[in-house]
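To start, the structure itself, in structure tokens.
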Protein chains: 2
Amino acid sequence: MAAAPRTTMADVAAAAGVSRALVSIVIRGAAGASDATRRHVLQVAADLGYRPDTRARLLRSSRTRLIGVVFNVTEPYHAELVELLYEAADAEGYAVTLSATGPRRGEREAVESLLDLGAEAVIIIAPSGTAGQLAGFPVPVVSLLGTVGGAEPGTFSSVSSDEGAGIRLAMGHLRGLGHRRIAHIDGGSAVGSAARRGAYEACMDGSGEAAVVLPGGPLESDGSRAAAALLTSMGWPLPPHDAGPAARGTAASPARPATGGRASGAPTAVVIFNDRSALGALDTFRAAGLRVPGGLSVVGYDNSRMARLEHINLTTIGQDGAELAAAAVRSAAARIGGGPGQDVVVAPSLVRGGTTAAPAPPGT
Amino acid sequence: MAAAPRTTMADVAAAAGVSRALVSIVIRGAAGASDATRRHVLQVAADLGYRPDTRARLLRSSRTRLIGVVFNVTEPYHAELVELLYEAADAEGYAVTLSATGPRRGEREAVESLLDLGAEAVIIIAPSGTAGQLAGFPVPVVSLLGTVGGAEPGTFSSVSSDEGAGIRLAMGHLRGLGHRRIAHIDGGSAVGSAARRGAYEACMDGSGEAAVVLPGGPLESDGSRAAAALLTSMGWPLPPHDAGPAARGTAASPARPATGGRASGAPTAVVIFNDRSALGALDTFRAAGLRVPGGLSVVGYDNSRMARLEHINLTTIGQDGAELAAAAVRSAAARIGGGPGQDVVVAPSLVRGGTTAAPAPPGT
DNA sequence: CAAAAAAACTAGATCGATCCAGTAAACTTT
DNA sequence: AAAGTTTACTGGATCGATCTAGTTTTTTTG
């Protein structure tokens with residue numbers, strides 16, 4: 001209960017018979033102590049169970065070796081990146097503190113709490129704020145995934161994956177399987193949606209088929225809604241809505257067209273903004289009796305942990321989170337050291353899963 | 001680039017024409033300053049954009065008003081609690097710092113990083129460590145959801161929901177709908193699994209029906225696997241496995257028994273360890289053509305955000321995260337103040353969704 | 001071997017706040 | 001109006017580390 005008074009550097013110095021300053025040198029691993037005393041001091045420190053007080057250290061030294069990370073706690077993919085950021089920061093000799101955003105906690109607020117703790121740089125995952133809202137911080141800010149809207153060059157540095165390339169990978173994969181009529185469910189106003197939609201449209205351009213973009217969003221429910229819209233446009237009957245629990249069950253399943261019975265101009269594949277949306281869409285497709293990948297191929301984006309679950313096994317675009325995390329930390333470290341802010345773009349890769357296959361031959 | 005020197009308390013004092021100590025009083029909101037000067041100082045501080053330096057404050061005062069939270073970044077329900085903890089702590093006048101656990105970051109390590117930042121208490125969400133691994137910290141530790149195995153009473157305080165009551169709510173709900181043969185997919189070795197399984201078995205005891213427990217786990221894939229096992233035991237044909245992408249699609253769906261055609265002793269409802277597992281199970285049931293809730297009612301546990309997505313709309317047991325978070329913070333605050341560690345149990349509630357309904361009348 | 005250079009070590013100032021003891025002024029009380 | 005009490009405010013010590021500038025010891029070198 002009664003907190004034992006902390007073992008301080010002075011205690012170690014007294015016990016080792018040296019000055020406080022020398023203990024400081026040894027603990028920091030700085031130059032200026034002989035190997036013999038170094039070992040001795042470390043031994044004494046260990047015996048006393050000494051742990052340096054970060055607060056005091058931070059107060060005095062300009063260097064805190066602390067990187068703050070702002071993330072949205074509800075976004076599973078951010079969570080994965082957080083994990084990787086811990087490792088990346090560790091490799092560069094930095095520690096990480098987290099601050100979550102949420103409905104009642106904006107990005108500014110999150111960043112400020114990190115500054116109070118002495119963060120030397122802040123990495124914001126998929127920032128939604130504009131430059132105006134995120135400017136004026138006394139430390140470098142790195143945006144990981146997505147850029148800060150309206151920022152002057154050099155103010156923020158950003159690390160993102162090449163959205164265009166990712167979409168092109170997805171489209172190339174589908175075309176390689178034989179797909180021609182490919183639809184897109186976009187991310188609505190989410191970060192990165194415009195870039196991905198644009199790349200999709202560019203890919204369709206000149207292919208002889210019209211681009212079909214369904215308005216979506218970043219969430220499962222958005223994908224589900226868009227999927228329902230796509231099914232309707234394909235002339236596929238929707239199942240009764242889930243709302244009425246008791247109305248179900250004994251009712252016979254609605255008649256379904258055979259696989260080849262859908263409208264001949266209907267898409268045979270769909271590229272979806274992200275994995276969460278794709279999961280919602282998958283659920284809706286399957287609930288409607290449309291088989292994936294038999295009746296429709298589906299490609300997501302993010303290669304999130306969810307997508308890799310064996311019963312889902314989504315074909316998706318992987319963003320190499322480890323590389324993104326490492327690049328973000330390196331960029332932050334470089335700017336802490338006074339270097340210039342630079343924008344890093346990491347190449348994505350295709351992750352083949354079980355939700356894509358060759359389209360059903362017409363008339364089967 | 002060049003970090004502007006921080007505005008310090010001395011700057012504010014000079015600008016306001018008062019002493020540093022008085023500024024400190026005003027900033028802390030302590031007694032001992034007239035309303036007029038209070039307003040004046042605050043105005044000057046705001047004009048200069050002054051923000052107190054947490055590090056210095058922490059160093060000097062024994063109080064840091066900082067609560068550390070350890071959570072598993074991959075667990076969506078933890079993320080929800082984190083969000084609520086921010087609010088709960090704020091209400092009690094505390095700030096929150098986060099530290100994530102992960103494959104390469106254990107609970108001890110996470111707690112230590114929080115202590116280095118000066119946390120006065122630590123809340124661990126669903127701790128997996130035993131008392132031995134988590135003992136010896138100089139600050140109070142509160143476990144939120146789940147208890148620390150083998151801890152002496154008074155060492156840790158815990159805040160959890162009443163697992164038994166939750167399961168009884170689920171069972172009561174199903175029985176009220178007319179279900180008698182109810183199965184359970186458990187949580188394997190996950191925190192809380194034993195308590196929930198025990199409560200289920202107690203509920204089945206003396207009902208005239210045998211308890212059916214399928215080994216599961218906390219993840220979607222665990223639920224999916226257990227669901228497949230349940231289907232097999234029900235004599236329901238499994239669909240071809242997702243593994244072979246090209247093998248699907250054109251193949252005709254396997255013949256399926258009519259709703260009433262399954263083995264007469266088969267369960268009509270299943271209570272599942274948590275929502276994630278339930279989601280995996282739902283997916284598998286539906287992929288096999290078994291309608292939920294028509295052919296089988298499903299109840300989850302957690303009332304996670306996922307469960308509330310409209311296209312999922314899972315019937316589940318809600319744990320009132322806000323209440324749990326508030327209780328955890330209150331408990332931490334009480335123990336910081338030297339109070340005794342007490343264990344709080346919060347009552348869960350039933351959240352009616354679209355995955356439960358009356359069982360199909362036999363022979364339909 | 002003395003002088004110069006390098007390495008090992010130390011005292012004291014310092015970071016930016018809080019805490020404590022004490023002073024000055026305003027307000028009660030008798 | 002003198003004595004006591006409360007309120008408003010201040011100077012200086014302090015938290016536990018780092019940093020700067022110096023001092024002592026050891027090593028190198030001409």
Side-chain angles (χ1 to χ4, degrees), chain A residues 3-42 44-45 48-66 95 115-120 138-139, chain B residues 3-42 44-45 48-66 93 95 115-120 138:
Chain A
R6 219 176 213 286
T7 314
T8 140
M9 201 169 251
D11 299 338
V12 177
V18 296
S19 71
R20 295 179 349 254
L22 185 55
V23 176
S24 173
I25 288 171
V26 170
I27 295 295
R28 275 177 295 149
S34 69
D35 273 5
T37 41
R38 200 175 285 273
R39 266 193 303 277
H40 175 226
V41 168
L42 285 175
V44 171
L48 294 181
Y50 170 74
R51 285 184 66 86
D53 187 321
T54 316
R55 304 166 289 179
R57 183 208 297 266
L58 300 198
L59 175 58
R60 175 60 222 207
S61 68
S62 38
R63 304 302 317 275
T64 66
R65 304 211 72 85
L66 199 60
L115 295 184
D116 289 349
L117 289 168
E120 286 186 80
V139 301
Chain B
R6 219 177 212 284
T7 314
T8 143
M9 201 170 251
D11 299 337
V12 177
V18 295
S19 71
R20 293 179 353 259
L22 185 56
V23 176
S24 173
I25 288 171
V26 171
I27 295 295
R28 276 177 295 148
S34 70
D35 274 4
T37 39
R38 201 175 286 274
R39 266 194 302 276
H40 176 225
V41 168
L42 285 176
V44 172
L48 294 181
Y50 169 73
R51 286 186 65 85
D53 187 320
T54 316
R55 305 167 288 178
R57 184 209 297 265
L58 301 198
L59 174 58
R60 175 61 221 205
S61 66
S62 38
R63 306 302 318 277
T64 66
R65 305 212 72 86
L66 199 60
L115 294 184
D116 289 348
L117 289 169
E120 285 186 81

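To find a chain, count down the sequence lines: A is the first, B the second, and so on, and within it residues start at 1.
In the set D:dG16, D:dC19, C:dT18, C:dT18 carries the atom at the smallest distance from any side-chain atom of B:Met9. If you check D:dG16, C:dA17, D:dT10 against the side chain of B:Pro52, the one that comes closest is C:dA17.
The distance between atom CD1 of B:Ile27 and atom P of C:dC19, rounded to the nearest whole Å, is 14 Å. Atom-to-atom, CZ of A:Arg57 to P of D:dT18 comes out at 5 Å; the value is rounded to the nearest Å. If you measure from atom CG of A:Asp11 to atom P of D:dC15, you get 11 Å, rounded to the nearest angstrom. Atom CG in B:Asp53 sits about 17 Å away from atom P in D:dA17, given to the nearest Å. Counting to the nearest Å, the P atom of D:dT20 and the CG atom of A:Leu22 are 17 Å from each other. Distance CD1 (B:Ile25) to C1' (C:dA17): 13 Å, rounded to an integer number of Å.
Contact annotation: B:Ser24 does not reach the phosphate of C:dC19 (side-chain N/O to OP1 or OP2, under 4.0 Å). Note on B:Ser34: every side-chain N or O is 4.0 Å or more away from OP1 and OP2 of D:dT7. For D:dA17, one of the phosphate oxygens OP1 or OP2 lies less than 4.0 angstrom from a side-chain nitrogen or oxygen of A:Thr8.
Judged by distance alone, the side chains of A:Arg28 and A:Ser24 do bring a donor and an acceptor atom under 3.5 Å apart.
Within 3.5 Å, a donor on the side chain of A:Arg60 pairs with an acceptor on the base of C:dT14, or the reverse. Judged by atom type and distance alone, B:Arg20 does not reach the base of D:dT10 through any side-chain donor-acceptor pair under 3.5 Å.
Between the side chain of B:Arg57 and the backbone N or O of B:Pro52, no donor-acceptor pair lies under 3.5 Å.
Each of B:Thr7, B:Asp11, B:Val41 was scored for a side chain to side chain contact (heavy atoms under 4.5 Å, CB included) with B:Tyr50, with one residue passing: B:Thr7.
Within 4.0 Å (heavy atoms only), A:Ala21 reaches at least one base atom of the nucleic acid.
For the pair A:Val139 and A:Leu115, the tightest heavy-atom approach, listed with the atom from each and the gap, is CG2-CD2, 3.5 Å. In plain terms, the two heavy atoms of B:Ala33 and B:Val26 that are nearest each other are CB-CG2, 4.1 Å.
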